[in-house]
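Let me begin by presenting the structure, written as structure tokens, before commenting on it.
All chains are named by letter (A, B, ...) in the order of the sequence lines, taking the proteins before the strands, and each is independently numbered beginning at 1.
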There are 6 protein chains.
Amino acid sequence: MTEFELGSFLGCRQHSGNPLHRPRSDANGFRKAVLLGAPLDATVSFRPGCRFGPERIRTISRSLEEYSFPLRASLDTVDFEDAGDIEMPLGNPAKSLDEIERVCTEVFRDGRLLFMLGGEHLVTVGAVRAAKKFYPNLHVLQLDAHADLRDEFFGEKLSHATVMRRVLEEVGPGRLHQIGVRSAVAEEAALMTIETNYYQGSFLDALRIAVRNLEGKPVYLTVDIDVVDPAYAPGTGSPEPGGITSAELLEGIRVLGGTGQSGINLVGMDVVEVSPAQDPSDITSLLAARVVRDSLIIFAGGK
Amino acid sequence: MTEFELGSFLGCRQHSGNPLHRPRSDANGFRKAVLLGAPLDATVSFRPGCRFGPERIRTISRSLEEYSFPLRASLDTVDFEDAGDIEMPLGNPAKSLDEIERVCTEVFRDGRLLFMLGGEHLVTVGAVRAAKKFYPNLHVLQLDAHADLRDEFFGEKLSHATVMRRVLEEVGPGRLHQIGVRSAVAEEAALMTIETNYYQGSFLDALRIAVRNLEGKPVYLTVDIDVVDPAYAPGTGSPEPGGITSAELLEGIRVLGGTGQSGINLVGMDVVEVSPAQDPSDITSLLAARVVRDSLIIFAGGK
Amino acid sequence: MTEFELGSFLGCRQHSGNPLHRPRSDANGFRKAVLLGAPLDATVSFRPGCRFGPERIRTISRSLEEYSFPLRASLDTVDFEDAGDIEMPLGNPAKSLDEIERVCTEVFRDGRLLFMLGGEHLVTVGAVRAAKKFYPNLHVLQLDAHADLRDEFFGEKLSHATVMRRVLEEVGPGRLHQIGVRSAVAEEAALMTIETNYYQGSFLDALRIAVRNLEGKPVYLTVDIDVVDPAYAPGTGSPEPGGITSAELLEGIRVLGGTGQSGINLVGMDVVEVSPAQDPSDITSLLAARVVRDSLIIFAGGK
Amino acid sequence: MTEFELGSFLGCRQHSGNPLHRPRSDANGFRKAVLLGAPLDATVSFRPGCRFGPERIRTISRSLEEYSFPLRASLDTVDFEDAGDIEMPLGNPAKSLDEIERVCTEVFRDGRLLFMLGGEHLVTVGAVRAAKKFYPNLHVLQLDAHADLRDEFFGEKLSHATVMRRVLEEVGPGRLHQIGVRSAVAEEAALMTIETNYYQGSFLDALRIAVRNLEGKPVYLTVDIDVVDPAYAPGTGSPEPGGITSAELLEGIRVLGGTGQSGINLVGMDVVEVSPAQDPSDITSLLAARVVRDSLIIFAGGK
Amino acid sequence: MTEFELGSFLGCRQHSGNPLHRPRSDANGFRKAVLLGAPLDATVSFRPGCRFGPERIRTISRSLEEYSFPLRASLDTVDFEDAGDIEMPLGNPAKSLDEIERVCTEVFRDGRLLFMLGGEHLVTVGAVRAAKKFYPNLHVLQLDAHADLRDEFFGEKLSHATVMRRVLEEVGPGRLHQIGVRSAVAEEAALMTIETNYYQGSFLDALRIAVRNLEGKPVYLTVDIDVVDPAYAPGTGSPEPGGITSAELLEGIRVLGGTGQSGINLVGMDVVEVSPAQDPSDITSLLAARVVRDSLIIFAGGK
Amino acid sequence: MTEFELGSFLGCRQHSGNPLHRPRSDANGFRKAVLLGAPLDATVSFRPGCRFGPERIRTISRSLEEYSFPLRASLDTVDFEDAGDIEMPLGNPAKSLDEIERVCTEVFRDGRLLFMLGGEHLVTVGAVRAAKKFYPNLHVLQLDAHADLRDEFFGEKLSHATVMRRVLEEVGPGRLHQIGVRSAVAEEAALMTIETNYYQGSFLDALRIAVRNLEGKPVYLTVDIDVVDPAYAPGTGSPEPGGITSAELLEGIRVLGGTGQSGINLVGMDVVEVSPAQDPSDITSLLAARVVRDSLIIFAGGK
């Protein structure tokens with residue numbers, strides 16, 4: 001680590017000015033990727049603390065190599081920057097979403113790939129609203145233990161438990177794809193059979209089918225870390241026993257990347273709900289960092 | 001949560017009088033289920049602390065939905081109550097078992113289903129003694145990493161390491177069914193080939209065979225949480241590497257519930273050996289809570 | 001502990017009906033005290049988690065004797081009840097304060113003493129609003145490391161950092177008494193010299209002076225646990241080094257109780273900002289429980 | 001650390017044979033001191049775990065120097081051995097006390113000084129019984145937050161809460177000296193005014209008076225680590241806020257050692273109730289180790 | 001546990017003299033096994049703390065039975081001793097390796113089996129240098145998440161990241177066998193295709209192939225605990241998501257032991273990189289202890 | 001926090017270029033202060049982990065106000081920058097000291113004030129070497145529980161236990177001032193009476209005397225956080241019971257700042273030995289951050 005890399009992802013150089021208005025490096029033909037933190041932690045119903053997620057993921061990311069052995073490729077080939085955290089007005093989820101939307105809009109306007117670190121799942125709404133402006137036919141792929149499809153939660157429309165209902169309203173029926181869901185209430189279960197694409201069966205099989213269904217469409221990927229079993233990701237607000245392994249999640253990212261033409265057309269993604277206070281050995285933050293590193297190489301690498 | 005639900009399982013309403021002598025709700029045809037804590041923690045040989053198990057399981061249970069997505073059913077349909085903890089005379093295992101037997105006898109006398117939270121494994125002896133009075137042909141199904149079949153442990157007859165020997169004496173040879181055992185001493189191994197039904201092979205296959213063997217018989221189910229691998233259940237006194245996953249345990253409960261007529265005829269069950277002090281992310285308590293919730297829906301749900 | 005005391009303070013009996021509308025025990029001449037939890041955790045700016053404060057304080061309270069050796073008196077003489085937690089609409093501080101005000105109004109209407117467990121400090125606003133209706137000349141005594149006198153915090157009027165500004169508006173200049181404050185910004189420091197009574201010097205000397213000043217006036221006491229040094233109370237959202245010891249806080253409560261006529265005329269009190277996630281040995285919850293136990297004996301004991 | 005010092009106190013050499021029957025080194029005129037662990041953990045009412053105390057104290061002791069700067073003396077001058085742990089029959093306090101008595105009797109028979117590491121406070125009974133055989137006029141000096149003078153606790157005569165009642169019966173009225181007690185029930189408070197010497201006032205003043213009172217008498221010292229405030233000793237089963245500091249305890253040991261003739265005539269001592277599971281930074285074990293190291297130098301050093 | 005077994009593995013008796021020069025028990029035809037700790041912790045790049053590995057593994061080992069149920073054999077049949085820790089000159093990796101080599105040379109000279117507990121992975125170099133003197137055709141089998149094949153790391157030749165490069169130089173191309181590796185940089189990946197035997201595919205299949213390849217050759221086995229997924233082994237310096245389960249590792253040890261003639265010809269082994277500070281529930285130390293126990297029975301048991 | 005302040009102290013703006021060669025802001029008459037991290041963690045003998053100190057102190061610093069109430073001044077008036085961490089060649093203390101010396105030389109050459117965050121205590125040697133070049137009559141004031149005056153430690157000249165011996169050699173006899181030392185070996189105690197100024201008595205009295213002795217001399221201040229009692233600073237490698245309180249340390253900094261002309265003439269300072277892994281509630285990092293904030297205001301504020 002050097003004197004200029006305080007706290008950024010994998011030691012990525014930060015820039016002194018506003019990262020969103022700089023000359024782009026697209027000139028050389030690569031797509032530019034932007035990493036952003038969104039430390040929202042306002043509507044968590046059980047164990048709070050995901051506001052510290054982006055910071056901890058960045059810290060722990062330094063224990064990873066830049067080179068991915070399974071991918072036989074290095075982060076060096078990725079033209080990305082860590083633009084820091086989006087400012088979250090304390091205790092005001094609506095304003096926070098507006099701010100996320102504003103910043104992400106700039107990212108998408110420049111044709112850049114978004115990699116966002118939560119924060120609670122609600123942050124996805126801001127990113128999807130921004131993406132929708134530039135990708136009208138946007139599909140959203142959700143890896144999650146919970147459906148998050150309630151209309152209201154404790155009387156509130158904006159909540160970590162309603163986020164995918166809001167996203168569904170944004171993108172429209174048939175454009176939300178759900179994998180890994182193992183907890184939902186009756187209201188959500190009904191919606192899952194009518195308006196969303198819920199993939200049952202083994203996680204990797206489901207992903208392979210989804211990749212085929214999403215062919216040719218712009219995709220926003222949202223990874224709620226609780227899709228993984230609590231043994232592999234204890235550091236999250238609402239853990240749910242019975243999930244996939246870390247190896248399955250990492251293999252899943254490779255499936256989404258595809259081989260040859262068959263991967264998804266990613267426009268942005270997030271990894272959310274990492275809560276360091278419940279993660280004494282940092283293995284949850286580490287897994288999130290690894291998902292982001294691999295995704296950067298796969299979706300933003302020089303190819 | 002409301003002002004009346006301090007600390008009860010999934011916010012279940014408590015009653016002001018003695019829960020064991022109230023008018024039963026059987027009138028409507030449903031069987032009544034009773035949840036009881038048995039915080040015995042007297043003979044643990046390595047890491048103590050399971051006395052705090054019932055309390056922590058109740059606390060963490062509030063992070064679960066009442067609706068089970070895999071079962072497509074809700075706890076709302078279950079006519080159960082949380083009757084609190086059985087009082088344990090400190091440092092006197094024998095008296096504690098007597099007290100457990102006394103309370104459980106009342107539960108079984110009313111024809112109600114018992115769901116007991118440990119506490120150390122020894123509590124099972126009290127419950128089985130009570131059940132035996134009403135179900136003379138009682139079979140016991142044990143999911144556990146350890147055989148718990150020693151005759152004595154450090155010179156004591158009543159211990160978490162001898163509990164199943166005492167249970168075996170109670171129900172008689174051939175009526176104890178053991179699945180998941182991966183630690184035993186020579187003395188126990190011998191007994192397992194002669195007097196108990198020890199099912200080898202994969203956990204779920206073993207369960208399916210046991211369900212067939214137990215057809216038509218009254219069954220008491222005891223789940224020692226250490227049947228699960230320490231990665232999924234670190235919070236227990238004597239963890240043993242090499243166990244099953246949380247998904248397998250949850251699927252196992254569904255197997256026991258059966259489809260149509262094929263499930264076991266459950267008269268009572270317990271989940272024991274959860275020790276919060278070794279469970280920094282509460283995932284062990286959470287898994288126990290989930291097992292109880294699913295079991296309540298499966299075995300005590302309105303069907 | 002018995003089967004009926006799940007999770008209540010020091011095993012206090014809960015009642016089955018609405019605790020706020022029951023026949024009072026005043027008939028026998030004693031004042032009735034009510035313990036209430038207010039698990040608000042919505043505007044904490046640094047480390048969240050005080051929503052779990054009331055529950056943890058109740059749990060740990062069971063490690064205390066009912067008898068106070070320094071006071072030579074027992075909780076047995078106190079006619080109090082634990083009425084459980086006030087329901088907090090998730091993520092809506094304003095509605096939460098309304099609910100607190102509503103419940104506390106009923107407590108004060110009956111002439112009963114209020115003992116409230118936070119939750120974040122903002123809960124004091126609700127209680128003071130209620131008390132003000134019945135005690136127009138209400139004074140508020142604040143033991144706290146922070147002034148909490150900002151007008152706004154991150155653009156919000158209702159926040160743990162503005163709570164005493166709102167209280168000051170409620171009771172009027174000269175009726176807020178502050179002891180222990182060791183962190184404030186310039187805006188607050190100015191206000192402290194003009195509108196509030198800020199007592200400098202040693203903690204116990206300051207308390208003794210305040211007791212004299214408050215003679216004959218109705219007093220609401222609010223104890224932010226961070227008035228104590230982080231060594232004694234690590235489990236709080238915004239610890240501030242350089243505070244008092246636990247012995248000083250406990251002695252301070254006795255000073256407030258006075259000897260003979262000289263104690264304050266307490267109408268209600270709270271202990272707030274206990275955050276169990278940062279309290280691995282539970283010593284912060286324990287100190288809070290002890291403050292409440294001693295206060296119950298001192299202010300609500302049978303004398 | 002060398003290949004032969006696994007786990008012993010400050011790396012003290014262990015011996016291969018039975019440590020209790022070896023030729024004594026008294027020949028050279030020094031008194032021999034024996035360190036013993038007594039990991040009893042059977043009657044703790046709240047947080048168990050002190051069975052791991054002796055082991056953890058030994059481990060952490062290696063972070064201390066052998067040389068004490070305040071004492072200007074080194075452990076090198078002390079002729080002591082670490083004889084390991086006394087075997088505790090699991091779950092049988094009475095048998096455990098017999099075993100402690102048996103081993104300590106051998107220690108006292110040889111005229112050696114005893115230094116015992118608990119384990120729960122009950123272990124003191126065994127040591128005092130042994131000491132009484134050789135020192136009929138034995139006085140016991142207790143540094144403790146709790147009186148431990150109940151006659152029964154949960155119906156049991158042998159308990160961490162009754163230990164000093166049993167000790168009082170052993171040594172007789174007027175021979176038990178109590179300092180630091182800040183928690184007791186009415187029954188105990190009565191006894192403290194009649195049969196024991198309870199020293200009020202500041203800790204160090206009380207100690208100085210006790211030293212004078214104990215002049216010329218054989219003294220057994222028992223240090224319950226909870227005499228110290230939970231901030232300094234969080235790792236204990238029943239912490240009690242409002243205690244002394246670590247500096248006061250260490251200074252207290254020096255006061256007991258005296259200057260010139262004025263110190264107590266120590267025949268044995270213990271440090272009990274250290275519970276590593278509640279001691280995440282090991283500062284409680286460290287304090288206990290420091291108390292033992294300083295006591296060894298003061299009371300068993302070559303002078 | 002008895003008075004003579006302070007801190008040794010599974011309570012194994014320690015000896016008073018130099019364990020390396022004692023009369024061997026080979027006379028009875030059994031091979032003698034020696035357990036040694038090597039608490040080196042000097043070049044760890046991310047999370048330090050493995051210096052406490054040997055001590056913690058020994059402590060936790062006492063929670064295991066001496067009898068292995070899967071193996072139907074007991075540690076009683078194994079003629080082994082725990083010779084304690086090798087002294088590590090602080091902050092001097094080169095001298096530490098010399099010391100390890102010196103001690104291990106004596107072990108191998110006597111024809112005894114070595115079981116070494118790390119400490120960081122670098123300790124393997126010392127043991128392999130010693131083994132090479134007596135087994136010129138030595139092969140090394142490495143179970144590890146990382147290749148550890150760099151030539152230099154931060155400018156240093158001796159590091160936990162270069163250890164296998166040094167081992168490769170020692171044994172020569174073709175004699176290093178690697179299984180489980182899922183993290184490596186380009187430089188290492190190149191070497192893995194040329195000079196080492198890197199087994200891809202499932203862990204157990206790879207092991208079975210390796211056993212065949214290693215037939216008739218002397219084998220040193222090194223187990224870096226991070227070959228296991230962080231869910232099963234969080235307590236390690238550089239965890240890497242996506243590893244095997246604890247059940248697979250334990251089954252792997254049985255595969256290496258073979259059935260009949262087909263097992264490997266083990267001359268020594270180590271388990272390294274266990275770091276207790278990141279292992280709040282001790283499940284990593286426990287897994288390491290179990291691997292050692294099973295290995296002792298399999299490779300050093302009396303058959 | 002904004003998008004540009006990732007991980008810096010109290011959100012201080014970082015600069016894009018090399019912070020050591022930028023145009024200075026001295027033009028306006030203020031002295032410039034530079035904050036630097038020195039995460040060396042190579043020679044710690046007991047509990048490692050202080051390499052994570054600078055990062056954690058920065059993170060926790062954000063919970064502090066910029067305004068100091070006791071000082072009635074704000075960090076806003078301080079012209080300082082956070083220049084990040086000095087790169088530490090892994091496992092090579094000598095090279096690390098060279099690098100620290102090189103960077104600090106540039107700081108002192110520009111006449112700027114140095115504020116350095118450790119890392120282990122050894123880092124002080126590098127800073128003192130640099131300061132000595134520009135301040136030949138440099139005095140060093142050490143607040144520490146340990147003398148750190150050994151000539152060698154485990155055969156090494158450069159160690160956390162020898163650092164002040166090296167500093168003493170650098171500045172010469174009579175120019176090292178030690179306060180708070182409560183642990184030392186005989187060799188060190190001898191040196192303390194001959195060559196260093198060791199101030200006994202109460203911490204604050206000692207400081208006041210030292211301030212007078214240091215009048216008119218350039219002073220480098222080194223604060224080993226273990227000067228504070230483990231209750232207030234558990235997160236350190238070698239805690240020593242019996243230290244000062246956090247309030248005393250903070251008051252001590254104010255004493256050093258003086259009133260009017262009487263403060264010391266500080267040229268640089270460090271706060272070292274903060275080890276987050278042993279600091280579960282972050283109170284040690286918080287205290288270190290508070291010491292640095294107050295020192296910045298006192299010694300580098302606009303006056």
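The backbone N or O of C:Ser281 sits less than 3.5 Å from a side-chain atom of D:Arg47, completing a donor-acceptor pair.
Considering only heavy-atom pairs separated by less than 4.5 Å from chain C, the leading option among D:Gly242, D:Ser183, D:Pro241 is D:Pro241. In terms of heavy-atom pairs under 4.5 angstrom with chain D, the leader among C:Thr284, C:Ile60, C:Leu64 is C:Ile60. The residue among C:Asp282, C:Leu287, C:Leu249, C:Leu286 with the most heavy atom pairs within less than 4.5 Å of chain D is C:Leu286.
Between D:Ala184 and C:Tyr67, the closest heavy-atom pair is O-CD2, 2.6 Å.
Rounding to the nearest 0.5 Å gives a distance of 7.5 Å between OG1 of C:Thr59 and CZ of D:Phe46.
At a 4.5 Å heavy-atom cutoff, the contact between C:Ser63 and chain D is made by backbone and side-chain atoms alike.
In this structure D:Phe69 satisfies the ring pair (Phe, Tyr, Trp, His ring centres under 6.0 Å) test together with F:Tyr198, sequence neighbours excluded. Looking at residues two or more places apart in sequence or on another chain, you find a ring pair (Phe, Tyr, Trp, His ring centres under 6.0 Å) between D:His139 and D:His177.
Each salt bridge (charged side-chain N to carboxylate O under 4.0 Å, His left out) pair with one or both residues in residues 172-194 of chain D, not counting sequence neighbours, appears once here: D:Arg165-D:Glu187.
Heavy-atom proximity under 4.5 angstrom to chain D picks out C:Ala231, C:Tyr232 from residues 227-240 of chain C.
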